[in-house]
Amino acid sequence: MNILLIHPQYPDTFWSFRHALRFISKRALHPPLGLLTVAARLPAGWAKRLVDLNVSVLRKRDLEWADFVFLGAMDVQRKSAREVIELSRQAGVKVVAGGPLFTSSPDDFPEVEHLLLGEAEVTLPRFLADIEQGRAERIYRADRFPELDWTPTPLWELLDMKKYASMTIQYSRGCPFNCDFCDITTLFGRRVRTKTARQVLRELDRLHKLGWRGNVFFVDDNFIGNKAKLKQQILPALIEWNREKGRPFIFSTEASINLADDDELMNLMVEACFEGVFIGIETPEEASLSECGKIQNKDRDLGESVKKIQRAGLEVSGGFIVGFDNDSPSVFERQIDFIQKSGIVTAMVGLLNAPRGTALYKRLVQEGRLLGNITGDNTDFSINFVPKMNPEALIDGYQRIISGIYSPKPYYKRVKEYLREHRPKMRKPIRLELRLPVSLVRTMLVLGVKDRARWQYWKLFFWSLFRRPRAFPLAMTYAVYGFHFRRVFEKCLIGDSRGVAGPAA
């Protein structure tokens, strides 16, 4: 059996880092971990090929070779996924589709021959058994959230690793919190299920043996969902592994703000070579936090919590949202003020959207305010419901935030403020490999000569070179990030961006 695994293309978004990756000659930030894990569960005797449309092209001969196309996608990849499905249909190849896009919207894809809805640990064995007996059904739906003890090591051998800036692994699924706009608990539940320390180390060993060095991102939606196991088993094992291997990897992940309440956990993460964590801050408006059920963020000094995590040695990137029913007219300036003062360099601010299956989605349906599906890109100026705030005022305010944090002057100022306090606890490789001479020369040419923000670039260049020389590579990395963010948001701001039902032109 010949299996062609296809990962659809991502559009140019905040998290694609497409404009930053060009500086280090990489094609994509992360590989398709879900498809690689599915590939590892397929029979050993089956032939397998991976086509990641973010780093390569789908050729006619690939489809002619395949007996099945296995397709995994998220909402933001919907357009590309539809193109793959149509090309497969034209080639006469059956499609087996799974992942968040198809799990949340199976009725949107009547042309797909086989849908595996939910986690593959449950659905894939059933499908494979039926294939062997020649009685495969159209829909396989997971009836439980499986344990991860037997989740296999992803088949990274299918990758051309040189095309990626970072590898990814997963330790846990599920989140103990239940924010009403988030579909994580819908897809993976509230009970945090984890792999064993042996599984995690086996995956790291495999990456190491395949020659990978540098960045590894734990894709867990809340890495600290089970703090006790992390502190007692996982992090001590990672610390020892890194010590034995000479610290070949630097890690980053996602976590909730209550990480700031646990000094021991933060110290262990830093010792285990974690350098960054993405945290959903959402909003400084207490009433909006109550509205969305973000209880872990309530009744605390969010700015001080961020600073505490940063002082522990972890860079904080953050997610922010506007468009809650309880947002006041002052929320836009408050968001700008919070982001600038907190020193969160990578701040993803998006308009509130309601994914299918969430409590927010259900409430908006009942209130008759839902407009359609989400685009999956919450920074494209789209919103899929009628907000209580005047839509024009909401879009105008959102644009003010973007201008207030990603225009060159405030962005470079925020970078300098962060670097003034940046005191890494351990010497680690710098992300995006901007220590390499060729990468630095590219930044000097593109950002220092061609870019309209070149004056701000050179000010940061010489300030960091002479005042913070150890942080110079990181400063140049942030300069590249800023270039990417400006390019992404410049596209959004072209033309009429006031439409509520769809993205800006």
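The figures that follow rest on heavy atoms only: side chains count, while hydrogens, waters and symmetry mates do not. Position 1 is the first residue of the sequence, and the numbers go up from there.
Among residues two or more places apart in sequence or in another chain, the ring-ring contact (aromatic ring centres under 6.0 Å, His included) test is passed with Y406 by Y411, F485, F489. Every residue two or more places apart in sequence or in another chain that forms a ring-ring contact (aromatic ring centres under 6.0 Å, His included) with F223 is listed here: Y171, F218, F274. For R59, the side-chain contact (heavy atoms from CB on, under 4.5 Å) partners are V57, R61, D62, not counting sequence neighbours. Listed by chain and number, the residues in a ring-ring contact (aromatic ring centres under 6.0 Å, His included) with H30 are F217 (sequence neighbours excluded). In terms of the side-chain contact (heavy atoms from CB on, under 4.5 Å) criterion, residue partners of R420 (sequence neighbours excluded) are, by chain and number, K416, E417, W463, R468. Residues passing the side-chain contact (heavy atoms from CB on, under 4.5 Å) test with M74 are Y10, Q77, P100, sequence neighbours excluded. Residues forming a ring-ring contact (aromatic ring centres under 6.0 Å, His included) with F461 (at least two apart in sequence, or on another chain): Y457, W458, F472. For the side-chain contact (heavy atoms from CB on, under 4.5 Å) test, residues two or more places apart in sequence or in another chain that qualify with S256 are F177, N222, I224, N258, Q296.
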The test is salt bridge (Lys or Arg N to Asp or Glu O under 4.0 Å); show your working for D337 and K341 and say whether it passes. CA-CA 6 Å; D337 187 60; K341 288 182 178 178; 3.4 Å; yes

Is there a salt bridge (Lys or Arg N to Asp or Glu O under 4.0 Å) between K308 and D263 once you walk through the steps? CA-CA 9 Å; K308 187 175 179 183; D263 292 338; 3.3 Å; yes

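Between the side chains of D380 and T375, at least one donor N or O lies within less than 3.5 Å of an accepting N or O. A side-chain donor-acceptor contact under 3.5 Å links S305 and R300. Inspection of the S382 and N384 side chains reveals no N or O donor paired with an N or O acceptor under 3.5 Å. A side-chain N or O of S288 and one of D327 form a donor-acceptor pair less than 3.5 Å apart. Remark: the T194 side chain and the N226 side chain contain no N/O donor-acceptor pair separated by less than 3.5 Å. R470 and S464 form no side-chain donor-acceptor contact under 3.5 Å, judged by distance and modelled atom types alone.
Taking a 6.0 Å sphere around NZ of K79, one finds it holds 12 or fewer heavy atoms contributed by other residues, nucleotides or ligands. Few gaps surround NZ on K227; more than 12 heavy atoms of other groups in view lie less than 6.0 Å from it.
Ion pairing between R452 and E490 holds under the 4.0 Å rule for side-chain N and carboxylate O. Salt bridge annotation for D451-R486: present, with a cationic side-chain nitrogen under 4.0 angstrom from a carboxylate oxygen. Between E271 and R243 there is a salt bridge, since a side-chain N of the basic residue sits under 4.0 Å from a carboxylate O of the acidic one. For D75 and R78, the salt-bridge test passes: some basic side-chain N is under 4.0 Å from an acidic carboxylate O. A salt bridge is absent between E421 and R311; no separation between the charged side-chain nitrogens and carboxylate oxygens falls under 4.0 Å. In summary, D262 and K231 engage in a salt bridge, as defined by a charged side-chain N under 4.0 Å from a carboxylate O.
Note on ring orientation: taking the six-membered ring where Trp is involved, the planes of Y418 and H422 are tilted (angle from 30° to 60°).
Within the structure, salt bridge (Lys or Arg N to Asp or Glu O under 4.0 Å) contacts touching residues 172-181 (residues at least two apart or in different chains) are E119-R173, E121-R173. Residue pairs satisfying the salt bridge (Lys or Arg N to Asp or Glu O under 4.0 Å) criterion with at least one member in residues 216-226, sequence neighbours excluded, are absent. Every pair passing ring pair (Phe, Tyr, Trp, His ring centres under 6.0 Å) that includes a residue from residues 277-314 is listed here, sequence neighbours excluded: W15-F278.
F483 has its ring centre less than 6.0 Å from the ring centre of F23.
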Considering only distance and modelled atom types, tabulate donor-acceptor pairs under 3.5 Å from the side chains of residues 318-325, sequence neighbours left out.
| unit_1 | atom_1 | unit_2 | atom_2 | d |
| --- | --- | --- | --- | --- |
| D325 | OD1 | R369 | NH2 | 2.8 |
| D325 | OD2 | R363 | NH1 | 3.2 |
| D325 | OD2 | R369 | NH1 | 3.1 |

